[in-house]
Amino acid sequence: MPEGHSVHRIANQFEQSFVGHRVEVSSPQGRFADGATRLDGATMVDAKAVGKQMFLEFDNGLWLHVHLGLYGAWDFAGDIATGHSMAESRTRRAATRKAENAPDDDGEDSMASIGAPRRTRVRMAEQEKTEDDIESFPPEPVGQVRVRLLTDTAVGDLRGPTKCEVLDAAGVDLAISKLGPDPLVDSPKKGSDRFVTTVRKKRTPIGLLLMDQSVVSGIGNIYRAELLFRARLDPHTPGNQVPEEVLRALYKDWTKLLKSGVELGQMMTMDGLTKAQHAKALRSRADRHWVYHREGLPCRVCGTNIVMEMAAGRKLYWCPTDQV
DNA sequence: CATCGATGTTGAG
DNA sequence: TCAACCTCGATGG
C-alpha cells in the first residue's frame, strides 16, 4: 500500500536503528524459515530503498529484499525513531562521518544503546501509528509475522509483504536494474534523462506510464493522479506526445513531492495553502488532495466534477476541464 | 460483527 | 483481464 515515500522512511528507520547491530532473524509465521536461517546472526550494514522496494544488507554478503505490496507493514518496537526525525537519518549520518569527531549531541533522536530499550511501538505502512508503553521487550509477535529482525535494542516485524526474499549482491543489482529512476537514488540530471527518454519512446498513455515501475520508481495511484493534475495533463495523452519540457517538469515535481512525503511522513500533494489549510489537510485525508478519491466532487480549481475511470484495474481520478 | 476495498504486483488464462 | 496474495481500517446493519 505504501508509495515511495513510506518505503524510504522505513529504510531510514533501519538505517537509524538497526545498521551496525547484530540481528537475530526468525520467521514466527514459518513461511520464511529458510531465509531467516541464512541471515540469522549477521550484522546489518546498509539499508536502502529504490522506489517501493527495500534492500537490507548484511555482513555475510546477503541481502533481505522486501516489497510491501498492497497491505504489507513493518511493526517496530524498542529504541526506534519516531515521527519527523526519521526523514533526516541518512543526511545526518553522512554529515557525522565527514566531521570525524563530531559529538553526538542530537538528544531526542539519539539511539543510545545504554540501559533497557525504550518501550515505544511504531507501525510503518502507508500511515504511521505510534504508541508508547509496550509491556516488555521484545514484545510477543502478534498475528502473521513473516520475519522478525531483533537486535539488543530494537525489533522489526514484517507482515503481509508481497515479496520477501534473500538475495546476493548480483540479485540486488538485477532487481534494481529493472526499476526506473528514483529521485532519492539517482542524480536529478540522470534520473530526469532516463525518465524522459523512456516515456518519449512509448505510445502508452502517460497515466499508465507513471504507474509503471520500470519507467519511474515509487509513484502509486495517489501520486499518479495528483502529479497529472498538478501538471494539468490529460492522463490519456500518449507518452510520445507529451512535450519534453512537460516531462522534465513532471519528474521535477515528483522529486519535490517525494522529498516532502519522506519528511512529513504523509502525502501532501497540494501547495499554496494557508497555515490553517495546511494543518487541516494534514489532519483529514479529505482535504489533502486535488483529485484523488474525489469522484463527483467539484474540482478545487474550476468546479467541474472530478471524474473516475478504471485504468489497468486501478482507479484513475482527474479533472476533464483542467487536464487537457 | 460481517463485508468491502485499498496507496501493489504477479502470474494464470 | 482478473484472481490471488492474506492485512486491516472503514463502512453498514
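In what follows, chains carry the letters A, B, and so on, assigned in the order in which the sequence lines appear, proteins first and then strands, with residues in each chain numbered from 1.
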S.K.: Rounding to a whole Å, what distance do you find between A:L68:CG and C:dC5:P?
M.R.: 19 Å
S.K.: First locate atom CG of A:L247, then atom CG of A:D193, and finally report the distance between them rounded to the nearest 0.5 Å.
M.R.: 12.0 Å
S.K.: Please determine if a side-chain N or O atom of A:Y71 lies less than 4.0 Å away from the OP1 or OP2 oxygen of C:dC5.
M.R.: no
S.K.: Is the cationic atom of A:R232 (NZ for Lys, CZ for Arg) positioned less than 6.0 Å from the six-membered ring centroid of A:F229 and within 45 degrees of its normal?
M.R.: yes
S.K.: Quick one: NE2 on A:H67 to CD on A:Q213, what's the gap to the nearest 0.5 Å?
M.R.: 6.5 Å
S.K.: Output the rounded distance in Å from CZ (A:R146) to P (C:dC5).
M.R.: 12 Å
S.K.: Figure out the CE/P separation between A:M124 and C:dC8, and round it to whole Å.
M.R.: 16 Å
S.K.: What is the separation between atom CD1 on A:I222 and atom P on B:dT7, rounded to the nearest whole Å?
M.R.: 7 Å
S.K.: Distance check needed: B:dT7 C1' versus A:K129 NZ, whole Å only.
M.R.: 16 Å
S.K.: OP1 or OP2 of C:dC8 versus the side-chain N and O atoms of A:R159: is any pair under 4.0 Å?
M.R.: yes
S.K.: Evaluate the side-chain proximity of A:H8 to A:K52: yes if any heavy-atom separation is below 4.5 Å, no if none is.
M.R.: no
S.K.: In terms of relative ring orientation, are A:F14 and A:F18 parallel, tilted or perpendicular, with 30° and 60° separating the classes?
M.R.: tilted
S.K.: Report which part of the nucleic acid A:Y292 touches: base, sugar-phosphate, or nothing (heavy-atom distance under 4.0 Å, all strands).
M.R.: sugar-phosphate
S.K.: Side chain of A:S192, backbone of A:R248: donor and acceptor closer than 3.5 Å?
M.R.: no
S.K.: Whole-Å distance between B:dA6 C1' and A:K315 NZ?
M.R.: 9 Å
S.K.: Under a 3.5 Å cut-off for both distances, is B:dT7 Watson-Crick or wobble paired, and to whom?
M.R.: none
S.K.: Taking the six-membered ring for Trp, are A:Y317 and A:Y292 parallel (under 30°), tilted (30 to 60°) or perpendicular (over 60°)?
M.R.: perpendicular
S.K.: To the nearest angstrom, how far is A:M54 atom CE from B:dG8 atom C1'?
M.R.: 16 Å
S.K.: Roughly, in whole Å, what's the span from OH in A:Y223 to P in B:dA6?
M.R.: 19 Å
S.K.: Using a cut-off of 4.0 Å on non-hydrogen atoms, how would the nucleic acid contact of A:R123 be classed: base, sugar-phosphate, or nothing?
M.R.: sugar-phosphate
S.K.: Please measure how far the C1' atom in C:dC8 lies from the corresponding atom in B:dT10, and state the result in whole Å.
M.R.: 22 Å
S.K.: Check nucleotides 9-12 of chain B for protein N or O atoms closer than 3.5 Å to its own N or O atoms and list the pairs.
M.R.:
from  : atom 1 : to    : atom 2 : distance (Å)
B:dT9 : OP1    : A:H67 : NE2    : 3.3
B:dT9 : OP2    : A:K52 : NZ     : 3.2

